Novice: 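Take this structure, written in structure tokens, and hold onto it; I'll ask about it next.
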There are 2 protein chains.
Amino acid sequence: MNCLASNRKVMIQQLEGSCRAHGLALTVQRRVIMESLAERTDHPTADQLYETVRTRLRGISRTTVYQVLETLVGIGAVQKISNPEAKARFDADTARHHHLYCVGCQKIHDVHDPSLNDLVLPPDRLAGFSVTDFSIQFSGLCPDCNSLHQ
Amino acid sequence: MNCLASNRKVMIQQLEGSCRAHGLALTVQRRVIMESLAERTDHPTADQLYETVRTRLRGISRTTVYQVLETLVGIGAVQKISNPEAKARFDADTARHHHLYCVGCQKIHDVHDPSLNDLVLPPDRLAGFSVTDFSIQFSGLCPDCNSLHQ
DNA sequence: GTTAATGCAAAGCATTTGCACACGT
DNA sequence: ACGTGTGCAAATGCTTTGCATTAAC
């Protein structure tokens, strides 16, 4: 058995476990979508993934791909890269600073902490990448939401 | 003269300078959009900003707000927070890892570097925030684009 | 057999485009 | 005066919704 096949088997078992744990059915669609996403590393959009998936499961609907992806994010089997609603957001502060997304109020707060800038810059070549800039996205609870939750 | 008024004046002078430097006209719309964005720290979407701007410049078009924001990003007066095309992208790898956006090929590459995970976690309370997770977005050139550019 | 998931069609937003008019230089 | 920027209307693209059908448990 080759490595890919073995990984896939493990991955599907994990998916099965996660679904069970959340009382979700392990449908063909969920399995194929999970598999198709797991074997690529190019961070596809829902639509790009749909194009792959439809060749394996003819008749699958675009809606299903969108829905299943959100479900998989919900059970922690997949992560979504981008700010949560995937809308463009703008900031007049162009100095280097970082952002905290509050899972309580869904707002984005600035994090001005100069120490963070030094912490990460040193490796300015990571495995052949020339890095010109970076930004850290934190997620958690802002002070206001913090006090509500205790 | 109060502090806000003074900041605004400086900001507008900077905008004027940036526009000149790029051969762009300093239009009323650009000024008001820049001002409106600069006085808030809540990282509005283009549409949210439009709602504010239209109360100050009746008749301004939504299109203009979208266009001007992109122009301002182009001259570095404003930054856009989110992945560049603001579409949702998905990743089956849920382990902590970071992302490099290549400005050459526009692809998002994974950066698996365990040292980065230790570097930043320590301050798990930043000014009252409880941080549960974080992710670093690098931008720069991937190895392939790097070799093309030299 | 029950309940939840899928598929379809259509609607809903966010964003972009093409072109005529107006404004900044 | 010239050329760029703006406004409008319409198109496009991504994503969501309501509801009937189908499949998983």
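For clarity, every value in this text was computed on a predicted model and none was experimentally measured. Residue numbering restarts at 1 for every chain, and letters A, B, ... go by the order of the sequence lines.
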Novice: With a sphere of 6.0 Å drawn around CZ of B:R20, does it hold more than 12 non-hydrogen atoms of other residues, nucleotides or ligands?
Specialist: no
Novice: With salt bridge (Lys or Arg N to Asp or Glu O under 4.0 Å) as the test, would you mind laying out the steps for B:K80 and B:E70 before giving the verdict?
Specialist: CA-CA 9 Å; B:K80 196 173 183 174; B:E70 291 304 329; 2.8 Å; yes
Novice: Hey, does the side chain of A:D91 reach the backbone of A:D93 with a donor-acceptor pair shorter than 3.5 angstrom?
Specialist: yes
Novice: With heavy-atom distances below 4.5 Å as the criterion, would you say the side chains of A:R40 and A:L49 are in contact?
Specialist: yes
Novice: Taking any heavy-atom pair under 4.0 Å as a contact, classify B:G23: base, sugar-phosphate, or nothing.
Specialist: nothing
Novice: Indicate if B:L26 and B:L24 have the same hydrophobic cluster label, given that clusters are the connected sets of ILVMFWY residues with side-chain heavy-atom separations under 4.5 angstrom.
Specialist: yes
Novice: Go along nucleotides 16-25 of chain C 5' to 3' and tag each nucleotide: B for a protein heavy atom under 4.0 Å from its base, S when only backbone or sugar atoms are that close, - otherwise.
Specialist: BB------SS
Novice: Which whole-number value in Å describes the distance from A:R58 CZ to C:dT6 C1'?
Specialist: 15 Å
Novice: Minimum heavy-atom separation for B:Q29 and B:I60, please, with both atom names.
Specialist: CG-CD1, 3.8 Å
Novice: Taking CG from A:L69 and P from C:dT6, how many angstroms apart are they, rounded to a whole number?
Specialist: 11 Å
Novice: Can you measure B:K87 atom NZ to C:dT15 atom C1' for me and round it to whole angstrom units?
Specialist: 11 Å
Novice: Using a cut-off of strictly less than 4.0 Å between a heavy atom of the residue and any atom of DNA chain D, enumerate the qualifying residues of residues 41-53 of chain A by number.
Specialist: none
Novice: For A:L57 and D:dA23, give me the distance from atom CG to atom P, rounded to whole Å.
Specialist: 12 Å
Novice: How many whole angstroms separate atom CZ of A:R30 from atom P of D:dC25?
Specialist: 10 Å
Novice: Indicate whether any N or O donor in one side chain lies under 3.5 Å from an N or O acceptor in the other, for A:S139 and A:Q137.
Specialist: no
Novice: For B:R54 and D:dT6, give me the distance from atom CZ to atom C1', rounded to whole Å.
Specialist: 16 Å
Novice: Could you pull out the closest heavy-atom pair between B:C142 and A:F129, with the gap in Å?
Specialist: CA-CD2, 3.2 Å
